[in-house]
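Read through the structure below, which is laid out as structure tokens, and then see the notes.
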Amino acid sequence: MENLFDLKGKVVVMTGACGVLGATIVKYFAAQGCKVVLLDLERARETGEKIVAEIKADGGQAMFLPTNVLDESVLDQNRQDIVKAYGSIDILLNGAGGNMGPANVTPEQTIFDMDIDATRKVFELNIIGAILPTKVFAKTMVEKKKGAIVNFCSMSSYRPLTRVCGYGMAKSALASWTQWLAGEMALKFGEGIRVNAIAPGFLLTNQNRSLLTNPDGSLTDRSHKIIGHTPFGRFLEPDELVGALHYLVSEASNGVTGTVVPVDGGFNSFSI
């Protein structure tokens, strides 16, 4: 019987690949026999090349390319380099995104303190930073009428979370974009190109560490509230995301498009 989860030989491209989550994800797909391409900012080159070296040491195939998810010409050069090296692009993981402190509204602030410039940058990174890579890399998928795209949403895609107003609005928009794009790709280019998203629950990353931990490493009041609302009673680990991602990009989910899958330890479904 055919193994619907087999990904050997697939070319996986991930933006924002050099962070805590990205590194775990690309290493996982490389271990499944995929050829992985790490896309991140030039300043992440040292980290990216270290991850590539680790993958190659384990017998995998990988490459790092500096990029800018807000620059279409840079992304198009990335696409040409990837196709030249690996022949195709099968899977796109739009992992680039993030938040900025000034785009938050802290308990001591009000809406009148909201930094519009910072909010605009957060919107651009999380929305345009997913649209442009899709616009560029999906061209290769359309040529062969097959491909899988996964966006990275958030718990704030479902409901507003205090403080992170700009980020929350951006991730809500990303969920809407995921659903719209799923229909658009299927109607215009066929059912072989699928678009989904995952919504990770709360994990400790470099980006949110200052919100969730105190300088001494102890948990903040916000962390205790999050964990108190999570049936698992803990933060998630990065490797707990890879199973859902594997499913969404494999033949096992051929009938699935336009979904946002929460991987959250029960946070989104829990009420009281």
Side-chain angles (χ1 to χ4, degrees), residues 4-7 9-17 22 25-26 29 32 34-37 39 67-83 86-97 123-154 157-158 170-200 241-263:
L4 296 176
F5 292 92
D6 184 13
L7 295 175
K10 298 292 185 181
V11 179
V12 178
V13 176
M14 183 172 188
T15 65
I25 290 165
V26 294
F29 281 110
Q32 306 310 306
C34 299
K35 303 169 185 176
V36 298
V37 181
L39 296 182
T67 196
N68 180 351
V69 294
L70 301 178
D71 190 324
E72 191 168 355
S73 64
V74 173
L75 289 163
D76 190 62
Q77 184 60 57
N78 292 151
R79 182 180 67 88
Q80 294 178 50
D81 292 341
I82 294 165
V83 172
Y86 290 147
S88 183
I89 295 172
D90 302 299
I91 295 162
L92 171 62
L93 306 177
N94 279 315
F123 259 80
E124 188 173 41
L125 175 60
N126 288 280
I127 300 299
I128 305 303
I131 292 174
L132 281 180
T134 300
K135 182 181 177 184
V136 171
F137 298 124
K139 292 175 183 177
T140 303
M141 298 178 182
V142 167
E143 291 172 1
K144 59 181 183 176
K145 298 187 180 300
K146 193 166 184 63
I149 300 167
V150 180
N151 296 320
F152 283 66
C153 289
S154 162
S157 297
Y158 297 103
K171 289 300 188 181
S172 295
L174 185 60
S176 178
W177 157 254
T178 298
Q179 294 173 316
W180 178 85
L181 184 63
E184 180 73 5
M185 297 302 278
L187 290 169
K188 302 287 179 63
F189 304 111
E191 63 186 55
I193 301 176
R194 299 181 298 105
V195 186
N196 293 288
I198 64 167
L241 301 180
V242 297
L245 285 170
H246 190 145
Y247 167 69
L248 289 173
V249 302
S250 72
E251 300 291 324
S253 61
N254 270 351
V256 180
T257 197
T259 64
V260 180
V261 178
V263 187

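Position 1 is the first residue of the sequence; numbering continues from there.
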Test log, rule side chain to side chain contact (heavy atoms under 4.5 Å, CB included), inputs S250 and L4: CA-CA 7 Å; S250 72; L4 296 176; 5.7 Å; no

Qualifying ring pair (Phe, Tyr, Trp, His ring centres under 6.0 Å) pairs with a residue from residues 180-199, counting only residues at least two apart or across chains: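 Of all non-adjacent pairs touching residues 180-199, those that pass ring pair (Phe, Tyr, Trp, His ring centres under 6.0 Å) are W177-W180.
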
Identify the two heavy atoms, one from [X] and one from [Y], that lie closest to each other, and give their separation to 0.1 Å.
X    : Y    : result
A96  : V69  : CB-CG1, 3.9 Å
L125 : G97  : CD2-C, 3.6 Å
A130 : L174 : CB-CD1, 3.7 Å
A197 : L248 : O-CD1, 3.9 Å
G9   : D90  : O-OD2, 4.2 Å
Y158 : P262 : OH-CD, 3.4 Å

F137/V37 under side chain to side chain contact (heavy atoms under 4.5 Å, CB included): CA gap, chis, key distance, verdict: CA-CA 12 Å; F137 298 124; V37 181; over 6 Å; no

Please enumerate all residues that pass salt bridge (charged side-chain N to carboxylate O under 4.0 Å, His left out) together with [X], with sequence neighbours excluded.
X    : result
D76  : R79
D6   : K8
E72  : K135
K139 : none

Can you name the residues that form a side-chain hydrogen bond (donor to acceptor under 3.5 Å, both in side chains) with [X], not counting sequence neighbours?
X    : value
T15  : none
S157 : none
N151 : N94, T178
K35  : none

V261 backbone acceptor or donor facing T259 side chain under 3.5 Å: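 Such a contact is absent between T259 side chain and V261 backbone.
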
Flag, side chain of N196 to backbone of V150, donor-acceptor distance under 3.5 Å: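 It does not hold such a pair.
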
What's the spacing between [X] [atom1] and [Y] [atom2] if we round to 0.5 Å?
X    : Y    : atom1 : atom2 : answer
I198 : L245 : CD1   : CG    : 4.0 Å
L241 : F152 : CG    : CZ    : 7.0 Å
Q80  : L75  : CD    : CG    : 11.5 Å
I89  : I91  : CD1   : CD1   : 11.5 Å
M141 : I149 : CE    : CD1   : 5.0 Å

Pairs involving residues 187-197, ordered by first then second residue, that meet salt bridge (Lys or Arg N to Asp or Glu O under 4.0 Å) (sequence neighbours left out):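 The answer is E184-K188.
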
Pairs flagged by salt bridge (Lys or Arg N to Asp or Glu O under 4.0 Å) wherever residues 241-257 is involved - sequence neighbours left out: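 Every salt bridge (Lys or Arg N to Asp or Glu O under 4.0 Å) pair that includes a residue of residues 241-257, provided the two are not neighbours, is K146-E251.
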
Whether H246 and F5 hold their rings parallel, tilted or perpendicular, with breakpoints at 30° and 60°: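 The rings of H246 and F5 stand perpendicular, inter-plane angle above 60°.
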
I128: partners by side-chain contact (heavy atoms from CB on, under 4.5 Å), with sequence neighbours left out: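 I128 satisfies side-chain contact (heavy atoms from CB on, under 4.5 Å) with L70, E124, I131, L132 once adjacent residues are dropped.
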
K144 atom NZ, over 12 foreign heavy atoms within 6.0 Å: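 Above 12, so yes.
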
